[in-house]
Each structure stands twice: as structure tokens, then as C-alpha cells.
Enquirer: 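After the C-alpha cells below, expect a handful of questions from me.
In the text below, chain A, chain B and the rest are named by the order of the sequence lines, each starting its count at 1.
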2 protein chains.
Amino acid sequence: MNVTFKDVAKLANVSTQTVSRVTNGSPNVAEDTREKVNAAIKQLGYIPNKGAQLLGRAKSKMIGLVTGELLLHGASMVANGIRKQSSELGYGTSLSVVSEHSMDKVTDALNDLKAQRIEFIILNIPLNKEESEMLVEQYPGIHFVFVDVPPSAKVNAVYAANYDGAVKAAEYMVLTQRKRFLFITGPNESSASELRVQAWKDVLKKHPDIEIIDQLEGDWQARSGYARTHEALCDGCSFDCVMVGSDQMALGVLRALSEFNLSVPQQVSVIGFDDTFDSAYFYPPLTTIKQDFLTIGKRAVSLAVNMENQDVTEAHHETIKTEIIERKTVQPYQQTQNNKTQIRELLKQAEQLLGE
Amino acid sequence: MNVTFKDVAKLANVSTQTVSRVTNGSPNVAEDTREKVNAAIKQLGYIPNKGAQLLGRAKSKMIGLVTGELLLHGASMVANGIRKQSSELGYGTSLSVVSEHSMDKVTDALNDLKAQRIEFIILNIPLNKEESEMLVEQYPGIHFVFVDVPPSAKVNAVYAANYDGAVKAAEYMVLTQRKRFLFITGPNESSASELRVQAWKDVLKKHPDIEIIDQLEGDWQARSGYARTHEALCDGCSFDCVMVGSDQMALGVLRALSEFNLSVPQQVSVIGFDDTFDSAYFYPPLTTIKQDFLTIGKRAVSLAVNMENQDVTEAHHETIKTEIIERKTVQPYQQTQNNKTQIRELLKQAEQLLGE
DNA sequence: GTGAGTGATGTTTTCGGAAACATTTTGTTT
DNA sequence: AAACAAAATGTTTCCGAAAACATCACTCAC
């Protein structure tokens, strides 16, 4: 029915095995034979059958990715990095999105990948230490790389420098003389979120005059950032600074603050985490900790593929650095007196309105 | 090496074909045999080999999706709808992301899907009429469904009601007495974008006192919305209203306007398109046209699968309705005099700053 | 009681490649 | 030119499931 190997072999007047050698780029093929075969392939529009390849081949040349919701900036960018690096290294990718955080769904996804005889799997979902170690044990022969998972000697992983990044954020806030902190964190099950909170706390507890007003759990999305902040304000919380676990949540935070007529950064400073494409266009533009998601994805692939060649003596860990991006939602101390500019701007706006 | 069919058959003391019948849910299997086989499968941890299935089976039971960048809200949500509906109908999905708009990449992706013997393919990328028709011809036997592609009798497609939605947006603006319009559109190659612009123009040309100041092309992302608006303002353009092709671009538009001290919605009204999760948290919350992306994805799958059973006499088209979401970036006429409230707020903010 | 129909199961063949192994051709060395 | 290595190509077998076909046991009708 479909064009196959044999058709190509017949047309090029060679054996099927030679065709196979050409399609797989074997070096031991004469140049003119190769050309002849390639011409036949092109002429017939031959497309190899993945099923047959998978069945006949020892290795699948595929990298599996199990990830959370791709709407999230981080997950999506990591996936992009993985796709990019995989294709660079000559691997295909098979994607499995696990929306809910349930181990059943994860094992379903893993079985599906195993059914494709995929031997490299990158997991970018929140997992605790036990879960990640269990998976490695449960699927022997599969090379796992985890993203942002609690450190474990048994498990290969790539991390953003969550702790370091969060330290930078907290120290930056301390420098600007903020005293009353509100935390809006990512989901508690996320190791990345946990590390960031820990870093914030570690920095702040060095300063006895600083108070942590509250710590509220969000789901990375703007909606939750808004809801938590709104609740806190309704409860009469008073804070001069919000540490937020993601830029998207920070968007919601900014909105809630603006509804309560709290000016950012004068009355309340806000810092995010991620540096999404949008965050530079928030009102005001968001100061945040940049993560290099693309590199995280790329390194995860490289790590996975290298595992094959190396001794599995020890698990590899790799940390991708973060960077603070200074924009307009945190006001450095020395600028505090600069409110005049702000006031002048507000008055100008008022005048313009009057002029209409 | 791996657990296979034969192992299961041996353990359950049946033939391999019986195992096959059980795994495929054939009705002609005795109840106790079925149980025996299932027990053996479970005991051995048997996972079917996708390659062998693909090779041995006539149909692949898979739906392929070729989509643009999943960072975009629309693409990501459509993909979610497709995954959901596919698994509901018992199909797997294979995803292929095409970042650049290049037909070569598209045919690469298509060939990859064809290599998996996938017979249902949904394309969610900007394509012109010729391109879509060409693909249908070039890949006979494959059931294509296109998303937001120019209407063609030869091509099955699912659309958002782009034209209707854009009409609503334009009429809403007209109602609020806006006179000088700026368009920030999506990429020109996008049929959806084109339709929206056409709708805007069709509505506005009924009103001779309305002027279209400029029409600028963006890439759906905030950055481009910001850049285009910024450029327009630097060029000295004067407008009281911006029609924007996507919410993300609208975010950039809002930022640019705020940098020029133009108040939204008093001096300039802005309306977006999409209703992304974030848009409710913009400053001010964005008035926009909501698209039901999830349904678009779901309907695309249903359409594809139904094509198999029906005569291919005529292409099917389906339109998913849009809805206007009124928030705060468009000011209805009767509220224009309400500026006092706004001014009072600004003055209050100024006072607060002075009090610090 | 015999033949037809039917449900449950077994046997054989097939899918399309790739690995393992065998063979031929070419090139190099002495 | 003989000897042998290396490169190029061919032949056979196998991967793991599903389809096609074959068989068998049983029920029911006449």
C-alpha cells in the first residue's frame, strides 16, 4: 500500500539493507550508491515506518518529556529547550502532558513512553524525594533526568538556582529597607517553591527588625496571586513588600494592590520570579529573578544522553544560574525621597483628565 | 528482554491471539479467560510495544497535532482541548511544534506524523488558502482539520468567530464615541488576524466621522504591542482608541500608553482579543473578545474522527462563537463625565505619597 | 440426528525495517 | 602478484503485535 523499503531497493537496484544503511547514515556506503538510493527515495516519496523502525531497532532514538501544563511560561520554555537540544543531538521527542498532580497519571505517561521503548525520560513536574527515587527504581534501564526536584544522590537532576535566586531577591528587598514581608508562594508540593521560601526566610531571619506578615500558597497563576493578596488585604494585613513565587502571580498581586490604592513601589515593593516575556510590560514593569528555562531544558537532554556512556556510579546534578532583573516594582532606599517625581506625574495625569 | 505477548500467553496458558483479543477488548472472549489473561498481564507488568502495534495494526488510533509555539495562550489551549477530546474518544495524540512559519518545517512535521501512520491531523498554524488546499492534495488518505484558515470548500476547518468577534469589538468602540482608531494586528499571514482587521474596517467605514490613524503589524506578543504603540506615539500619532489583535499585545499597548501618560480608558480606550487568563489582571483590567479555545480543539478532533465514517462529499466547517468581556479599558460614553472619580483617586494617591 | 450458525480459541502469516552474519569487491602492503 | 585488510553490499533472521484464516465445541432447528 505505502511505499516501502523494498520499492526503494528495487528502483535503486540494491538490497534493502543498503537502503537501510543510507537512511541511517552508515559510513560504509559508496558515494554513488548513496546518491542512487537517495534519488529513489525522493522519487518514490518514501517515508520510513516508525513502527517498523521501533520494532527492529535496539534503541528508539527518542527522548520522552513528562511535563505539567504548558501554559506556564517555565514549563513551556523548558519544553522548547528540550526539543531544540534533542533535535540537535539527533533525537526525536515524545511529549506527555500531565495536568493534575497525580502519580497515577505520571505512571500512565511513563508506561506510554516505555511502550515506545524510550530510554531517556525527562520529568518536569513537582515530585518529592521519595517519588523521584521510587520512579528511578521502578523503571530500571530508563535514564531519568528530573527538573527542580529535591536533591537526591540517587537521582539525576537539573535545577534553576532557586535558592540563590531567592536569596538575591530577599537581599535586594532588605537593602531597600523593607520591613514587613508578605510571601505569595508556588504550590507547596513544588520543590522549587519550597527552596525559594526557605531562602527568603534564611535571609530575613538575619534581620531581627524584619517581620514576616504571612505566607500564602498560590498555584503559579495570576488569579491566585490576586486572590491571596486580596484576602490578605481584606484581613487587614499590613506589609510593605511582597515576595512572589512567579511573575504571573505577581501580576495578580499588582492588581490587588492597585485596587487597594497601594502604590508600587512606594508603599509596597514587589518582586517576582521567572522573568516571563510579559513581566517587562506589567504596571509597573516587574523586578524579578530571571531563570534560564531554555538552558535548563537543553542541559537536561545533554545529561540524559550522556548518562548512557558514563558509569552510573553517581547521580549528576546541574544548576543553572539565575539573575536579578531590576525594573520598577522595588524602590531602592536612596530613591525613597524621589516621590516628588511620582507625585508630579500623578498631578499631571489629573490635569490631563480635567482638560478633557 | 522485555515482557512480551508470548510470556503473557504462556503464563495464562492461552494463545497469543487470545491475549491480543483481551488487550483490544474484543467481545468474543470468555469472561474467565479474560480475567486469567488480565491477571497474567498485571503480574508480569506487561506493556505492549507501540512499534509492533503500529506495524501490525491497520489503524494507528492516533491524532496528530501540528501547532505553533505553545507559549501563546491560544495555541496552548487549543492543544489542551485536542488532548482532552482525543483521549475521551480513545485516541492518543502526537504533537509537533513548528516555531517558524515555514512550509518546509510543516512538511517535515507532516512526514513525521505520516511515518507513524497517523491518519488524523489537525493543523493549527497560519496557512493561506493555497497552502491548506495543497496539503490536503499532497497527503491523500489523511483526514485533515485546519484551525483558523481561510475558508475553502476543499478543506475541513474549525474557526473562532473572528469576524463576528471583531465586529463586536469595533461596534463597542463606536458606541463609546471613539473617533481616531489605531490598529495593532496579528501577523499578516494569519487568516484570523486578517478577518479581524477586515471586520474592524467594515464596521468603521459605516461611520464617516471615524478615522483610522494607522494599522501596525505585531506578532501576538506583548513586546510587539509595546513597540508598535511606542513607535506610533513617537511619530506623533494621535488616537483615542486602540484595537488590538491579542491580549498579550494589549499588555504592551497599555504599557506604552502609560509611559506617555495617556490614561486608559479616559484618553485612550483599548480592546484586546482572546481573553487570556492574565488579561483580567492587567492595569486596567482588559476589555476583550473571548475565544473558546478549548472547544475549538475539541471540535477539531470530533470533526476529524467523524470524517472517517462520512462521505467525503463536502468539507465541513464549524465556527465557535466569541463573546465580549467588558472590563475597564473601554469607557462607555455616559461615563465620560465620571472623570472626577479618577481624578480624586489620583489626588488621593498623591497625598499618600506626600504622607510617607 | 444432522447440518447450520455461533462463540471461543488456536495457527499462520504479515507488517517494514534493522541487526547479525555472509559474501564480494576494492585497495594496500610487501 | 600474492596476501590480506577494509570497504561495500547482499542474505537471513528477528522484533512483537494484529489480521486473516482455521478449528473446535456447542446450541438450536427441522
Side-chain angles (χ1 to χ4, degrees), chain A residues 1-38 40-41 44-62 90 92 111-112 114-119 141, chain B residues 1-38 40-41 44-62 90 92 111-112 114-119 141:
Chain A
M1 179 186 82
N2 249 306
V3 180
T4 110
F5 234 89
K6 276 186 199 148
D7 305 321
V8 175
K10 201 186 291 173
L11 180 63
N13 202 27
V14 295
S15 73
T16 59
Q17 185 54 22
T18 301
V19 178
S20 171
R21 276 193 268 261
V22 171
T23 56
N24 290 305
S26 158
N28 294 340
V29 182
E31 201 46 49
D32 55 343
T33 311
R34 188 188 305 280
E35 275 167 26
K36 216 167 46 177
V37 171
N38 278 328
I41 286 175
L44 295 173
Y46 165 74
I47 296 174
N49 183 318
K50 277 263 170 67
Q53 287 187 322
L54 204 54
L55 191 56
R57 198 164 1 211
K59 321 207 154 189
S60 74
K61 280 299 236 178
M62 292 272 279
N111 287 342
D112 191 77
K114 204 180 168 192
Q116 297 176 57
R117 297 301 178 261
I118 289 179
E119 64 241 288
Chain B
M1 181 185 81
N2 249 305
V3 180
T4 116
F5 235 91
K6 276 186 199 149
D7 305 320
V8 175
K10 201 186 292 173
L11 180 63
N13 202 29
V14 295
S15 74
T16 59
Q17 184 54 21
T18 302
V19 178
S20 170
R21 277 192 268 260
V22 171
T23 56
N24 290 304
S26 157
N28 294 339
V29 182
E31 201 45 50
D32 55 342
T33 311
R34 187 187 307 277
E35 277 167 25
K36 218 166 46 178
V37 172
N38 277 328
I41 287 175
L44 295 172
Y46 165 74
I47 296 174
N49 183 317
K50 277 261 170 66
Q53 288 187 322
L54 204 55
L55 190 55
R57 199 163 3 210
K59 321 207 152 184
S60 74
K61 280 299 238 177
M62 292 273 278
N111 287 341
D112 191 76
K114 203 179 169 191
Q116 298 175 57
R117 298 300 179 260
I118 288 179
E119 64 240 289

Enquirer: Within this structure, what is the CD-to-C1' distance between Gln116(B) and dG17(C), rounded to whole angstrom?
Expert: 15 Å

Enquirer: Please state how far atom CG in Asn49(B) lies from atom P in dC15(C), giving the value in whole angstrom units.
Expert: 18 Å

Enquirer: What is the distance from CG of Leu55(A) to P of dG16(C), rounded to the nearest Å?
Expert: 12 Å

Enquirer: Please tell me which of the listed nucleotides, dA17(D), dT9(D), dG10(D), lies nearest to the side chain of Val14(A)?
Expert: dG10(D)

Enquirer: Please name the pair of heavy atoms, one in Ile47(B) and one in Arg117(A), separated by the smallest distance, quoted to 0.1 Å.
Expert: O-NH2, 4.0 Å

Enquirer: With side chains defined as the heavy atoms from C-beta onward, is the minimum distance between Gln17(A) and Arg21(A) less than 4.5 Å?
Expert: yes

Enquirer: Check the phosphate of dA8(C) against Thr18(B), side-chain N and O only, distance under 4.0 Å to OP1 or OP2. Yes or no?
Expert: no

Enquirer: Working to the nearest 0.5 angstrom, can you tell me the gap between Lys36(A) NZ and Thr18(A) OG1?
Expert: 9.0 Å

Enquirer: Quick check: closest heavy atoms across Leu54(B) and Ser60(B), and the distance to 0.1 Å?
Expert: CD1-CB, 3.7 Å

Enquirer: Identify the two heavy atoms, one from Lys61(B) and one from Glu119(B), that lie closest to each other, and give their separation to 0.1 Å.
Expert: N-OE2, 4.0 Å

Enquirer: Between Asn49(B) and Thr4(B), does a side chain to side chain contact (heavy atoms under 4.5 Å, CB included) hold up when you go through it step by step?
Expert: CA-CA 8 Å; Asn49(B) 183 317; Thr4(B) 116; over 6 Å; no

Enquirer: One pair to check against side chain to side chain contact (heavy atoms under 4.5 Å, CB included): Gln53(B) and Thr23(B). What are the steps and the verdict?
Expert: CA-CA 11 Å; Gln53(B) 288 187 322; Thr23(B) 56; 5.8 Å; no

Enquirer: Between dG10(D) atom P and Lys6(A) atom NZ, what is the distance in whole Å?
Expert: 16 Å

Enquirer: How does protein reach along nucleotides 18-28 of chain D, written 5' to 3' as B (base within reach of a heavy atom under 4.0 Å), S (only sugar-phosphate), or - (no contact)?
Expert: BBB--------

Enquirer: Mind calculating the distance between CG (Asn13(B)) and C1' (dT9(C)) to the nearest angstrom?
Expert: 12 Å

Enquirer: Quick one: are Ile41(B) and Asn38(B) in side-chain contact, heavy atoms under 4.5 Å?
Expert: yes

Enquirer: Please tabulate the protein-to-nucleotide N/O contacts below 3.5 Å involving nucleotides 23-26 of chain C, giving atom names and distances.
Expert:
none

Enquirer: For Asp112(B) and Lys50(A), run side chain to side chain contact (heavy atoms under 4.5 Å, CB included): C-alpha distance rounded to whole Å, both residues' side-chain angles, the deciding distance at 0.1 Å, then the answer.
Expert: CA-CA 8 Å; Asp112(B) 191 76; Lys50(A) 277 263 170 67; 2.6 Å; yes

Enquirer: From NZ of Lys10(A) over to P of dT11(D), roughly how many Å is that when rounded to an integer?
Expert: 14 Å

Enquirer: Let me know the distance between CG of Asn28(A) and P of dA18(C), rounded to the nearest Å.
Expert: 16 Å

Enquirer: In whole Å, what is the span from the NZ atom of Lys61(A) to the P atom of dA18(C)?
Expert: 13 Å

